[in-house]
Amino acid sequence: MATALILIDQAIKVGVTLVMPIGTVEQLSEWFNLVHVLNPGAAFSFLADAGGWQKYFLSIFGIIVSVILTRLLWTGVLSTSESVAYVLLMSGALGNVLDRLRIGAVIDYLDVHWGDLHWPAFNIADIYVVSGAFLLLITSFGATNTNPESTP
């Protein structure tokens, strides 16, 4: 499933790159645009002007997180929703890592706005990460420890 999600992310980004020159803005509604921007930083363009080292730091961080999540998936998880959350987090992280390693920045193309107030542009890999984090948070509220050896 992670491979399919990463391929979807990368296919959309290739499509955006082929069809829309960098800086293009296509208004689809009063509150939504398709854009083509490059983000050399992290979420909300954090570290975008850091001088280049952030590309390596963010790539290594994304790979380490993905390795940890893969290990957690192999050792067993409490529920299907936890598994889905880990796969979403890993897919989003690796989708953006591939961009950083390939072109040095993440391709963003979704722009939500209200008038002149724009949310930072994002992509489907970002949606995977946010959805996975939200699902993991929701799952953690319902998690109970069923191991009788761990109770006092």
Side-chain angles (χ1 to χ4, degrees), residues 1-73 77-143:
M1 185 165 136
T3 302
L5 292 174
I6 293 168
L7 288 174
I8 290 167
D9 169 67
Q10 291 297 297
I12 293 170
K13 289 172 179 174
V14 166
V16 166
T17 301
L18 292 174
V19 174
M20 301 174 68
I22 294 175
T24 299
V25 176
E26 293 289 334
Q27 183 173 358
L28 299 183
S29 75
E30 291 183 21
W31 54 272
F32 181 70
N33 299 328
L34 284 179
V35 298
H36 183 184
V37 297
L38 298 179
N39 178 3
F44 308 110
S45 296
F46 177 67
L47 298 176
D49 298 325
W53 63 267
Q54 73 275 23
K55 168 184 150 182
Y56 304 103
F57 173 77
L58 294 169
S59 295
I60 291 167
F61 182 76
I63 292 167
I64 289 170
V65 167
S66 297
V67 167
I68 291 168
L69 293 174
T70 301
R71 179 152 169 74
L72 288 171
L73 283 167
V77 292
L78 297 175
S79 67
T80 302
S81 59
E82 187 178 358
S83 295
V84 171
Y86 289 169
V87 168
L88 286 168
L89 288 165
M90 182 174 34
S91 300
L94 291 177
N96 285 337
V97 163
L98 287 172
D99 286 358
R100 285 187 187 96
L101 295 177
R102 190 169 49 87
I103 62 170
V106 174
I107 299 168
D108 288 329
Y109 50 86
L110 301 172
D111 175 33
V112 177
H113 62 93
W114 182 263
D116 290 334
L117 300 172
H118 291 258
W119 187 260
F122 57 98
N123 60 50
I124 198 166
D126 299 332
I127 294 171
Y128 296 161
V129 170
V130 170
S131 299
F134 182 73
L135 183 57
L136 196 57
L137 181 66
I138 296 301
T139 301
S140 71
F141 284 120

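Each residue takes its place number in the sequence, starting with 1. From a predicted model like this one, the values you see are computed outputs, not experimental measurements.
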Within this structure, what is the [atom1]-[atom2] distance for the pair [X] and [Y], rounded to the nearest 0.5 Å?
X: Ile12; Y: Ile124; atom1: CD1; atom2: CD1; answer: 4.0 Å
X: Arg100; Y: Ile60; atom1: CZ; atom2: CD1; answer: 11.5 Å
X: Leu94; Y: Thr70; atom1: CG; atom2: OG1; answer: 7.5 Å
X: Leu98; Y: Ser59; atom1: CG; atom2: OG; answer: 9.0 Å
X: Ile68; Y: Leu73; atom1: CD1; atom2: CG; answer: 12.5 Å

For [X] and [Y], which heavy atoms make the closest approach, and how far apart are they?
X: His118; Y: His113; value: ND1-CB, 3.3 Å
X: Thr139; Y: Ser79; value: CG2-OG, 3.7 Å
X: Ala125; Y: Lys13; value: CB-NZ, 4.1 Å
X: Gly62; Y: Val97; value: CA-CG2, 3.9 Å
X: Val112; Y: Phe32; value: CG2-CD1, 4.0 Å
X: Asp9; Y: Gly95; value: OD2-CA, 3.3 Å

>> Going by side-chain hydrogen bond (donor to acceptor under 3.5 Å, both in side chains), name the residues that satisfy it together with Ser29, two or more places apart in sequence or in a different chain.
In response: Trp31
>> Looking at Asp111 and Asn33, would you say the former's side chain and the latter's main chain have a donor-acceptor pair under 3.5 Å?
In response: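 Not at all, since once roles are kept as given, no pair shorter than 3.5 Å links the two residues.
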> Between Tyr128 and Leu5, is there a donor-acceptor pair closer than 3.5 Å when you use the side chain of the first and the backbone of the second?
Replying inline: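 Pair found, side chain donor or acceptor close to backbone of Leu5.
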> So does Phe134 have more than 12 non-hydrogen atoms from other groups sitting under 6.0 Å from CZ?
Replying inline: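 It does not: Phe134 CZ has 12 such atoms or fewer within range.
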>> Pair Asn96, Asn123 - check side-chain hydrogen bond (donor to acceptor under 3.5 Å, both in side chains), show working.
In response: CA-CA 9 Å; Asn96 285 337; Asn123 60 50; 3.3 Å; yes
Would you say that [X] contacts [Y] through its side chain, given a criterion of any heavy-atom pair below 4.5 Å between the two side chains?
X: Val106; Y: Leu38; result: no
X: Met20; Y: Ile107; result: no
X: Asp99; Y: Gln10; result: yes

Return all side-chain donor-acceptor pairs below 3.5 angstrom for residues 84-92, not counting sequence neighbours, or 'none' if the list is empty.
| residue | atom | partner | partner atom | Å |
| --- | --- | --- | --- | --- |
| Tyr86 | OH | Glu82 | OE2 | 2.7 |
| Ser91 | OG | Val87 | O | 2.7 |

